[in-house]
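The structure appears below as structure tokens.
Numbers restart at 1 for each chain; the letters A, B, ... are given by sequence-line order, proteins then strands.
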Amino acid sequence: MLTIQFGQCGNQLGRDLFSRVCADLESPNTGVSHGANYEYVESTIEKWFDGMTERGRHLARAILVDTEEKVVNGMWKDPQASWTYRASNVVCQSGGGCANNWAYGYKISSQRLSDSMVSVTRREIEKLDRFQGFLLLLSSAGGTGSGVGSRMVETLRDEYETKSIVASIVLPFTFGEVSTQNYNTVLTLAEFSDRADFSVLFENQQMHAMSTSLLNNSNTMLCDMNNIISENLLAAFQPSDEARCNMNFLTSKVAAHPNFRFVTIKSAPHVPATSLQYEPNYKWNVYVRHLKQTLRISKSQVELTNVQLKAPNPSLSKTVVSHTYSPCVSNILVTRGKSVENDAIMLEDLQKRHLYPEWIASTESLTHLHQERKFLNRDKFLALITNNSEIHRPLDTYLDKAWNSYKFAAFLHQYKQFGLEEDDFLEAFTKVENIVQEYKSLKSGN
Amino acid sequence: MSQFITVQVGQCGNQIGSAFWPLALHEYGIQTTSGGVNLLKVQRNHVKHISDLSDAFPSFFHVPVKTDNLYFENVADLSKAKVKARALLIDMEDSVVSRFKQGPLRQLFDQTCIVTNYPGSGNNWAIGYHVHGREYHDRIEESIRHMVEKCDRLHGFLLMHSLGGGTGSGLGTATLKLLKDYYSHVERIVSCIYPANIQDTVTAPYNTLLATQELIEHATCVFPVENKALLDICNSQMNKRENTNQINYNASCKPFQDMNSIIANMLLHLTSGSRFPGSLNMDMNEVATNLVPYPQLHYIFSSVSPITLSAPNMCTMQEPKLQDELFTNAWSRNNQLIKLDPLQSTSVILAAAHIARGNTTLTDIKRNVERFQNKSKFTSWSRDCMKIGLCSIPPAGHSSSLLCLLNSSTMSLLFKDVIQEFSKLYRKKAHIHHYTQVHGFEETQFIESKENILHLSECYAEIQNMKETNISRLQVI
Ligand SMILES: Nc1nc2c(ncn2[C@@H]2O[C@H](COP(=O)(O)OP(=O)(O)OP(=O)(O)O)[C@@H](O)[C@H]2O)c(=O)[nH]1
Ligand SMILES: Nc1nc2c(ncn2[C@@H]2O[C@H](COP(=O)(O)OP(=O)(O)O)[C@@H](O)[C@H]2O)c(=O)[nH]1
Ligand SMILES: [Mg+2]
Ligand SMILES: [Mg+2]
């Protein structure tokens, strides 16, 4: 796998991700035999790293792309870490950033960067005999990640037609952190919907809420949010017992249908670092049921359930409330930790027909991946990679806000000066409207 | 990190510059003295950030020899390393600039980047713009090129000048135009002094009108400043008994220097995101993208909080409360650099940016931007036109600070005032011949400028009265 991190968000997130990979590698409490752990470690290293420095630090198989060097310079700040980046994998031109402008990134900066991006990518891939695919990390609100990232996904798709491209896209706080974030987000999503095999979306809003309510970080910072995102990604991408499980496999299981290519990851349990040792160890089923609850939709606006912000509740099974669940195109459940006979992992909850539209074959609906080896010292950790209808809500919000500015032509001149015309906007709007519509009109069977 | 070239024009511009450079050095931990008096004590905590600070040193300074060590302790170190400020000093009289040449920082300025003449522009925009503009065009262009060649990541010109006189107003805007012609891709950030209503010079209304028209046409962003606002801020600083550092500083200042320090401080904060790292970085070119929704609506309210250069000796407040107070103060009209209230009830906000330095967290800024959204009025599309920035290096003298930039329809009052003052004078046809006799100036320029400014102020009114429209979203077939 080759990771490409774009812009400030992508780079900060990538750095956290690789640190977590190392933390997972080095975690003492593996729960498996030496041999099994060795295998896990080997395939982790093969997945994320590419050799070592003279001092024995792992070298991340990652390319760092940015238009402002401050962020990228900060990537080397931790000389103690057991890993580092390859300095020759930095593609950065000090253009002073992309001005939070998708058009600037897409039309201007990408031109300056594309030759070196392409050649560094080729060089990295030539070194590999088994190349799985790309993992792109970026935010949709800025200009570099969104614009340069969009151009790069086009280039990669042209050059590597059959390789997997998976993107992890961070969506901005809805209160507004960049004035042009909604335009940038719509333009980015439109671009990635066609080119990436699938994109994992993370809403900053949601990450912030999880950090404050589940991890008790009353003063949550970006690094806390990145931590949650990294854990989600790793819970999904770290090796599992399914030998065929590469990116192509994941794509075929979670995003087989070309109209549905935006997924989210729900995971459990999230426990404040300070109370990790007091963490109750529930049975697998409690967690599986909890993950299912995260797919619940609120029946009314008043009762806004956000189960992701709640701790798993073992008494849940007893309550007989009939909830409505968001229709899913497909789900992948990844379980990490020991499963024993009297605590088996039961999948029925996630296989229920009422979770899926009728046209989804029951064999396609849920895929289960398991790994006995503990993830980051946790006895149990679960991730649900879900491709479901609820994603239309955040997308609809960004679309609505973007359209609202577009009606009044606000900020459009900023884009026009770099050659992005009304037609380009309308095309992106149409694409994303379609995606929202498709997801919205998913109806589950009974 | 980005590099900036300051362009200081006229008496006022150069005086602002003379307040700017000691503070810029101070931020990097370099103590300056004036007549044996330490201007500001270097803060102890600056050592913590020493590597980020010295990395950013080339933002404002050119260090000719390649050295790994960009850490300087005092002015003598700078002279030894032949460090030069990235500054262009232009004046058509030489009293202020010659003070520079004799002052403690004299070594900091490159002779080729000083353009002076005698005896000034007679408080006449037309002389500054047309006569000197023409005569010095090549000289100025050359000086700029000389400096641009010493930059490898030039991302902005910072212009400082007044609008009431002749040189800053006329030659300043001519230089602005020159920058646009030659370096169109580099941001042109203007911080300019609007004259007080009680005129210092009779022709100030003419000069202001003509210069304003140029700023509307050619600047990327304009941060207007009024001396009356600065004066009020200084007075309130002097009344804060507990802040003896600030009082001593103000007392040691030359006339205007305390006021000009407020502008310098704002500019340091404005450029901080481009110079120093932060978890939500804000580069210079993001200012316009985030704050200018329509062409030419680039006049921006600015306020810094805390407005003092150093913190009071004691502070007992808890951190979140302290943070909230930082924001509340930034929104107060008492902290604005012009005497208008951007949040007055009849106005709407077109866009806002909150740029925090130091230990402000994402959560602090999120909570407060939401507070801002609840207390302000917006157009139907501008409620989420918010920009937030987090820079991890605090300003010298504080553990955190905030710069609030607002694009508010209140700005139309500034333009109305410019027109009103102009019309009062023009009705009497006073002093017109001083302008019309200048080769290159046509009297129609007065009328055209007035029309353009009027048009701009109407744009704000239009936005304020924008009605929600029902153009529905695209239908999917
Ligand atoms: N979760 C998370 N979001 C981040 C992080 N850094 C930035 N963001 C988000 O990313 C968006 C801003 O985009 P950036 O990544 O800073 O922009 P960029 O891609 O560098 O582009 P320009 O700065 O415009 O050149 C906002 O929504 C931020 O909240 C991070 O470390 N974690
Ligand atoms: N804030 C501030 N305003 C000044 C300063 N010097 C002059 N002014 C203002 O600038 C205007 C006069 O312009 P001046 O700069 O003297 O003219 P110029 O040299 O021809 O550009 C008046 O409005 C003054 O109040 C200064 O150092 N600081
Ligand atoms: Mg950036
Ligand atoms: Mg950014």
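Side-chain contact, A/Asn219 with B/Thr361: a donor N or O sits under 3.5 Å from an acceptor N or O.
Here B/Pro295 is the residue among B/Pro295, B/Ala351, B/Pro277 with the most heavy-atom pairs under 4.5 Å with chain A. Put simply, of B/Val476, B/Thr289, B/Ile365, the one with the most heavy-atom pairs under 4.5 Å next to chain A is B/Thr289. Per-residue heavy-atom pair counts under 4.5 Å with chain A were compared for B/Asp52, B/Asp152, B/Ile388, B/Leu291, and the maximum is reached by B/Ile388. Contact tally against chain A (heavy-atom pairs below 4.5 Å) for B/Gln373, B/Lys366, B/Met466: the top residue is B/Lys366. Comparing A/Leu399, A/Asn101, A/Asn217, A/Asn182 by how many heavy-atom pairs each has under 4.5 Å with chain B, the most go to A/Leu399. The candidate with the highest count of non-hydrogen atom pairs below 4.5 Å against chain B, out of A/Gly74, A/Cys9, A/Gly96, is A/Gly96. The candidate from A/Trp403, A/Tyr415, A/Tyr104 with the greatest count of non-hydrogen atom pairs under 4.5 Å with chain B is A/Trp403.
Of all the heavy atoms in A/Met221 and B/Leu362, the pair that sits closest is CA-CB, 4.4 Å. A pairwise comparison of heavy atoms in B/Glu286 and A/Asn100 identifies OE1-OD1, 3.2 Å as the closest pair. Residue A/Gln414 comes nearest to B/Val292 through the heavy atom pair NE2-O, 2.8 Å, listed as atom of the first residue, atom of the second, then distance. Nearest heavy-atom pair across A/Phe429 and B/Leu474 is CB-CD1, 3.5 Å.
For the pair A/Gln8 (side chain) and B/Asn281 (backbone), a donor-acceptor distance under 3.5 Å is present. In terms of modelled atom types and a separation under 3.5 Å, the side chain of B/Asn290 and the main chain of A/Val178 share no donor-acceptor contact.
Expressed to the nearest 0.5 Å, how far NZ of A/Lys401 lies from CZ of B/Arg383 amounts to 9.0 Å. Taking NZ of B/Lys387 as the reference point, atom CD of A/Gln181 lies at 9.5 Å (rounded to 0.5 Å). Rounding to the nearest 0.5 Å places SG of B/Cys385 at 4.0 Å from CZ of A/Phe411. Atom OG in B/Ser2 sits 5.0 Å away from atom CD in A/Glu68 (nearest 0.5 Å).
With a 4.5 Å cut-off on non-hydrogen atoms, A/Thr174 touches chain B through its backbone but not through its side chain. If you measure heavy-atom distances from A/Asp400 to chain B, the contacts under 4.5 Å come from both the backbone and the side chain. With a 4.5 Å cut-off on non-hydrogen atoms, B/Thr360 does not touch chain A at all. Both the backbone and the side chain of A/Asp396 come within contact range of chain B, with heavy atoms under 4.5 Å apart. Contact of A/Gln12 with chain B is made through the side chain alone, with heavy-atom distances under 4.5 Å. For a residue to count as touching a neighbouring chain, one of its non-hydrogen atoms must lie under 4.5 Å from one of that chain's; by this rule B/Met1 touches chain A with backbone and side chain alike. Of the two parts of B/Arg367, neither the backbone nor the side chain holds a non-hydrogen atom closer than 4.5 Å to a non-hydrogen atom of chain A. The parts of A/Glu177 that come within reach of chain B are both its backbone and its side chain, each placing non-hydrogen atoms under 4.5 angstrom from that chain. For a residue to count as touching a neighbouring chain, one of its non-hydrogen atoms must lie under 4.5 Å from one of that chain's; by this rule A/Ser211 does not touch chain B. Within the 4.5 angstrom heavy-atom criterion, only side-chain atoms of A/Phe173, from C-beta onward, approach chain B. Only the side chain of A/Lys77 comes within contact range of chain B, with at least one heavy atom under 4.5 Å from a heavy atom of that chain.
Within 6.0 Å of atom NZ in A/Lys107, more than 12 heavy atoms from other residues, nucleotides or ligands are found, so the atom counts as buried in its surroundings. More than 12 heavy atoms of other shown residues, nucleotides or ligands fall within 6.0 angstrom of atom NE2 in A/His413.
Counting heavy atoms from C-beta on, the side chains of A/Phe175 and B/Asp384 never come closer than 4.5 Å. Using a 4.5 Å heavy-atom cutoff, the side chains of B/Arg153 and A/Glu69 are in contact.
Between A/Phe408 and B/Trp381, the two ring planes are tilted [angle within 30° to 60°].
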side-chain contact (heavy atoms from CB on, under 4.5 Å) between B/Tyr294 and A/Leu412, worked out: CA-CA 8 Å; B/Tyr294 298 106; A/Leu412 286 188; over 6 Å; no

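Salt bridge present: B/Asp283 and A/Lys70 bring a charged side-chain N and a carboxylate O closer than 4.0 Å.
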